[in-house]
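The sequence lines fix the lettering, A, B, ..., with proteins before strands; numbering per chain opens at 1. In this text, all values refer to a predicted model and were calculated from it rather than measured experimentally.
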Protein chains: 2
Amino acid sequence: MPSPQLLEEYSQFFRLLSEPARLQLLCHLQRGPMDVASLIEATGFSQSHISRQLGQLQRAGLVSCERDGVRMIYLADDPLVQDLCTLVQTRLKQRLEQQLQQLRAA
Amino acid sequence: MPSPQLLEEYSQFFRLLSEPARLQLLCHLQRGPMDVASLIEATGFSQSHISRQLGQLQRAGLVSCERDGVRMIYLADDPLVQDLCTLVQTRLKQRLEQQLQQLRAA
DNA sequence: GTGCATAATGCGTACAGAGACATAACCCTT
DNA sequence: AAGGGTTATGTCTCTGTACGCATTATGCAC
């Protein structure tokens, strides 16, 4: 049984991934480094919002950034998020197949 | 690049795990089936709260239940949550070790 | 230095969801 | 059928946070 502190850490981490906006940013960045302007263009969010979300992801270590002159280039080099999503995706598939079979049996 | 719908599904799933109360319930249930009274005893939450959280977990397929007379026995037979937590735990360890080494170098 | 880009923060609004209390639905026993 | 124990739901409050606007901070060119 994990300690309350560890449970809190887990939940905080999962909370980062519980927001479609952040997942979207992560997915974009996993395809390669991007600057903030491109992320604004790609997602349609406001600059301030993107900056905040990137800040959260950076503090969690899921994203890093480097300066390119006046621009900031963000990159997500960690495969963890990809792995987690793959596991969840497999799960979602199983669920849908189960539901499909139940409908067929009925 | 995942579709918005898929991103939404991912985030909804991770949102389930983003609450310490639900993670706590899952951890208790992964050690074996329990009835609601025991979960109340173990967590200190109100009966209504536990019932709602179990309902969410059940709709997501992370938990199932069976009647035992008037009582409901809940069980979490899915190893997915355990796998996800293991991945995250490995990640947390790495982060701490990095921070430790940086402190040592300074 | 001044001016001009971009990124980060202060602040306000809005909404989702946690959590508890009260109530209703459910099942068992008699 | 009636009553008692267990679980689910209606409703409320409150906190957290997403999100945008305005402002500030930061770095570059001149």
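- Protein atom CG of A:D35 is 15 Å distant from nucleotide atom C1' of D:dG27, rounded to whole Å.
- Annotation: the span from A:L39 atom CG to A:Y74 atom OH amounts to 9.0 Å, rounded to 0.5 Å.
- Note on B:R71: every side-chain N or O is 4.0 Å or more away from OP1 and OP2 of C:dC28.
- Atom CZ of A:R71 sits in a sparse spot, with 12 or fewer heavy atoms from other residues, nucleotides or ligands closer than 6.0 Å.
- The side-chain heavy atoms of A:M1 and B:Q24, taken from C-beta on, include a pair separated by under 4.5 Å.
- Remark: A:Y74 is not in phosphate contact with C:dT6, judged by side-chain N or O atoms under 4.0 Å from OP1 or OP2.
- Rounded to an integer number of Å, the gap from CE of B:M72 to C1' of C:dC27 is 11 Å.
- Atom pair A:F14:CZ and C:dA18:P shows a separation of 16 Å (rounding to whole Å applied).
- Nucleic acid contact class of B:V36 (heavy atoms, under 4.0 Å, all strands): sugar-phosphate only.
- Considering only residues two or more places apart in sequence or on other chains, B:I40 meets the side chain to side chain contact (heavy atoms under 4.5 Å, CB included) condition with B:V36, B:Q47, B:I50.
- Counting to the nearest Å, the C1' atom of C:dA5 and the CD1 atom of A:I40 are 13 Å from each other.
- Per the geometry, CZ belonging to B:R67 stands 8 Å off P belonging to D:dA8, to the nearest Å.
- Between A:E19 and A:G69, the residue anchored closer to the 5' end of DNA chain D is A:E19, taking for each the nucleotide with the nearest heavy atom.
- A donor atom on one side chain and an acceptor atom on the other are found under 3.5 Å apart for B:S38 and B:D35.
- At a threshold of 4.5 Å between side-chain heavy atoms, the hydrophobic network of Ile, Leu, Val, Met, Phe, Trp and Tyr places A:L84 and B:L92 in one connected group.
- Of the side-chain N and O atoms in B:R22, one or more sit less than 4.0 angstrom from OP1 or OP2 of C:dA18.
- Comparing A:A21 and A:V70, the nucleotide of DNA chain D nearest to each residue sits closer to the 5' end for A:A21.
- For the pair A:L16 CG and D:dT17 P, the interatomic distance rounds to 10 Å; values are reported in whole Å.
- Note: CD (B:Q12) to P (C:dA16) measures 13 Å, nearest angstrom.
- Considering only heavy atoms from C-beta on, B:M72 stays 4.5 Å or farther from B:E66 through its side chain.
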Please report the C-alpha distance between A:R22 and A:L17 in whole Å, then the side-chain angles of each, then the deciding distance to 0.1 Å, and finally whether the side chain to side chain contact (heavy atoms under 4.5 Å, CB included) criterion is met. CA-CA 7 Å; A:R22 280 190 291 268; A:L17 306 182; over 6 Å; no
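- When A:L25, A:L16, A:D77, A:L54 are each tested for a side chain to side chain contact (heavy atoms under 4.5 Å, CB included) with A:L62, only one passes: A:L16.
- Of the residues in residues 41-50 of chain A, those lying under 4.0 Å from DNA chain C by heavy-atom distance are A:Q47, A:S48.
- In this structure, B:E66 places its CD atom 13 Å from P of D:dT7, rounding to the nearest Å.
- Contacts between residues 51-60 of chain A and DNA chain C, defined by a heavy-atom separation below 4.0 Å, involve A:S51, A:R52, listed by number.
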